[in-house]
Structure formats: structure tokens, C-alpha cells
Amino acid sequence: MTQDQEQQVRNLKRILEGWRMVLIPLKSVILWEQQWHPCALFAFISLTYLFIWLLDLNFLATFAITGLVINFVDFLVPIVCNSIYSPNSWTGQNEKMFEDICRNLVNYYNNIFQNICSYYSLRETRPCMYYIISISMACSLAWLASSINNIFLLYVFTTVMLLWPGIQHHGLVNMLLSVVNKAPKIPLLKSE
């Protein structure tokens with residue numbers, strides 16, 4: 001790891017200091033260490049979006065309430081964690097797990113940032129490809145957003161984003177691709 005990435009990990013550890021007791025069990029849920037974890041994630045996401053759908057608020061009200069809930073949770077979690085857990089309960093193994101979580105978050109952030117930068121570098125190196133991809137994506141997203149309810153699209157996106165680490169951790173994508181590759185090939189045109 002470079003010096004800059006180590007600095008990013010230290011900064012993230014300092015920012016998430018109040019959340020460290022929550023992040024360790026949350027990691028086990030996100031990575032599906034128990035069989036019921038994917039069901040719990042799916043149920044949590046579904047109930048959250050059911051509540052949003054039942055409220056039927058406009059965009060600004062939904063945005064404001066989401067901001068209020070995030071701020072409220074961000075305020076309460078460190079206070080509750082400090083009152084429930086004593087500083088003596090934090091072990092070296094917990095510190096190592098917390099540092100691994102922060103390191104993984106920094107790596108994901110840097111990979112996403114690098115992919116975005118490489119996409120925008122296409123504008124200079126291969127402008128035709130850049131505009132083809134940009135216009136195609138914009139048209140596809142516009143068509144999709146006009147065809148399907150936006151709350152449902154956000155629900156599907158959130159579900160995939162929260163279940164994706166567990167899917168990767170358990171190798172489900174590789175397993176599915178190996179099954180597809182082993183499937184018998186059906187010829188499209190039969191010769192007589």
C-alpha cells in the first residue's frame with residue numbers, strides 16, 4: 001500500500017472511531033457469515049422501501065427526512081456504543097478487524113475513483129468511444145427511468161449494492177458463470 005493510502009486509512013479510522021463497535025458485526029452481516037444474513041438484509045431493505053412507499057412524499061420531503069434520519073443515527077450510534085461497551089472490551093483482534101474494514105473501504109473508494117478517472121480520460125484519448133458510451137448510457141437510463149417507477153429502481157439498486165459483497169465473498173458469480181460455461185451449447189441454425 002502506498003503512503004497516501006495508509007494516510008487515507010488512518011483518516012477513515014479517525015472518522016469512524018465512534019462506529020467501530022457497530023462496523024464489526026455489520027461486516028459479518030454484509031458478508032453473510034450466517035445463513036440468515038442475506039434474508040435479514042433483504043427484509044430490512046424491503047421494509048425501509050415499503051415505509052418510503054407508504055409515506056408517498058415528494059422528492060424534497062423524502063430527501064429531507066432521509067437526511068434527518070442519517071444525522072440522527074450518526075449522532076446516536078457513538079453515544080449508545082460508548083454507553084454499552086466499555087473501552088476495555090476493545091481487543092487487539094477487534095482493532096485488526098476494524099483496520100481491515102477501513103482498508104477495504106479505502107480500496108473500494110480508490111478503485112471506484114480510478115475507474116471514473118479512466119472513463120473521463122477516454123474523452124482525451126478516444127473521444128468517439130467516450131461520447132458513444134456517454135450518450136448510450138444517458139439514453140438507456142432516461143428510458144429506464146421513464147418506464148419503471150423510480151422508487152422501485154432505487155430499491156433494486158440498493159438491494160444489489162448491499163447484497164453484492166456477500167455474493168462476491170461466497171463466489172456466487174463465479175459459480176454461476178461456471179455453470180453457464182458448462183451448459184451444452186445449442187446451435188442457433190440447424191443445417192440439414
Side-chain angles (χ1 to χ4, degrees), residues 1-117 150-172:
M1 229 181 191
T2 66
Q3 184 73 13
D4 186 42
Q5 288 175 327
E6 287 297 330
Q7 182 64 33
Q8 287 176 323
V9 170
R10 284 193 295 275
N11 288 343
L12 187 60
K13 280 176 68 174
R14 191 183 75 249
I15 290 169
L16 296 176
E17 186 72 28
W19 282 78
R20 65 184 185 173
M21 294 305 277
V22 174
L23 288 176
I24 292 173
L26 188 62
K27 178 186 175 189
S28 69
V29 172
I30 295 287
L31 295 180
W32 306 355
E33 291 182 4
Q34 300 288 326
Q35 285 185 335
W36 57 271
H37 286 163
C39 296
L41 280 171
F42 186 75
F44 172 75
I45 296 165
S46 297
L47 289 175
T48 302
Y49 277 92
L50 177 66
F51 182 69
I52 290 170
W53 179 70
L54 289 175
L55 286 178
D56 194 29
L57 300 172
N58 63 26
F59 175 76
L60 287 177
T62 304
F63 187 72
I65 289 176
T66 302
L68 284 171
V69 168
I70 289 171
N71 281 313
F72 186 68
V73 169
D74 189 40
F75 174 74
L76 275 184
V77 166
I79 293 171
V80 170
C81 285
N82 288 334
S83 65
I84 292 176
Y85 299 106
S86 68
N88 299 336
S89 66
W90 189 253
T91 63
Q93 183 180 7
N94 288 347
E95 183 65 30
K96 184 180 181 317
M97 289 177 67
F98 178 59
E99 187 165 337
D100 287 343
I101 291 169
C102 291
R103 192 173 313 281
N104 288 337
L105 288 174
V106 165
N107 286 337
Y108 284 132
Y109 171 79
N110 288 337
N111 285 340
I112 290 170
F113 184 73
Q114 184 179 10
N115 288 336
I116 290 171
C117 288
N150 291 332
I151 295 292
F152 180 71
L153 284 176
L154 197 56
Y155 168 71
V156 170
F157 178 74
T158 306
T159 304
V160 169
M161 290 298 293
L162 284 179
L163 293 178
W164 189 253
I167 290 170
Q168 281 186 323
H169 181 72
H170 287 282
L172 296 177

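Because the structure is predicted, anything quoted here is derived from the model rather than measured.
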Going by heavy atoms in the side chains, are L153 and F157 under 4.5 Å from each other? no
Heavy-atom closest pair, residues L31 and P165: CD2-O, 3.8 Å
Say whether, by atom type as modelled, one donor and one acceptor occur between the side chain of D74 and the main chain of I70 under 3.5 angstrom. no
Main-chain N/O of W32 paired to H169 side chain as donor or acceptor, under 3.5 Å: no
The reported gap from CG in N150 to CZ in F59 (rounded to nearest 0.5 angstrom) is 10.0 Å
A61 and L57: which non-hydrogen atoms are nearest, and at how many Å? CB-CB, 3.9 Å
V22 and V77: which non-hydrogen atoms are nearest, and at how many Å? CG2-CG1, 3.5 Å
Please tell me if the side chains of W19 and V73 come closer than 4.5 Å, counting only heavy atoms from C-beta onward. yes
Within the 4.5 Å heavy-atom criterion, are K13 and R20 side-chain neighbours or not? no
Note, F42 side chain near P38 side chain (heavy atom, < 4.5 Å): no
Nearest heavy-atom contact between S28 and H37 is O-ND1, 3.1 Å
To the nearest 0.5 angstrom, please state how far the CD atom of Q8 sits from the CD1 atom of I15. 10.5 Å
Might you confirm whether atom CH2 of W53 has over 12 heavy atoms from other residues, nucleotides or ligands at distances under 6.0 Å? no
Interatomic distance, CH2@W164 vs CG@L172, rounded to 0.5 Å, equals 9.5 Å
How many angstroms lie between atom NZ of K27 and atom CD of E33, to the nearest 0.5 angstrom? 7.0 Å
In this structure, CG of L154 is separated from OG1 of T159 (nearest 0.5 Å) by 9.0 Å
Is the Y49 ring parallel, tilted or perpendicular to the Y155 ring (thresholds 30°, 60°)? perpendicular
Taking CD in E17 as the centre, count heavy atoms belonging to other residues, nucleotides or ligands within less than 6.0 Å. Is the count above 12? yes
Passes side chain to side chain contact (heavy atoms under 4.5 Å, CB included), F152 versus V156? Steps please. CA-CA 6 Å; F152 180 71; V156 170; 3.7 Å; yes
Among side-chain atoms of Q7 and N11, is any donor-acceptor pair under 3.5 angstrom? yes
Taking all non-hydrogen atoms of both residues, which atom of N94 and which atom of S89 are closest, and how far apart? ND2-O, 3.6 Å
What verdict does the side chain to side chain contact (heavy atoms under 4.5 Å, CB included) test give for L16 and L105, after you've listed the backbone C-alpha separation in whole Å, the side-chain angles of each residue and the deciding distance to 0.1 Å? CA-CA 11 Å; L16 296 176; L105 288 174; 4.1 Å; yes
From CD1 (I52) to OG1 (T66), nearest 0.5 Å: 5.5 Å
Closest heavy-atom pair and its distance - G18, C81: O-CB, 4.2 Å
Go through it in stages, so that I can follow the logic: the residues are R103 and Q5, the test is side chain to side chain contact (heavy atoms under 4.5 Å, CB included), and I'd like the CA-CA distance, side-chain angles, deciding distance and then a yes or no. CA-CA 8 Å; R103 192 173 313 281; Q5 288 175 327; over 6 Å; no
Inspect the contact between R10 and E99 and indicate whether a charged nitrogen and a carboxylate oxygen are less than 4.0 angstrom apart. no
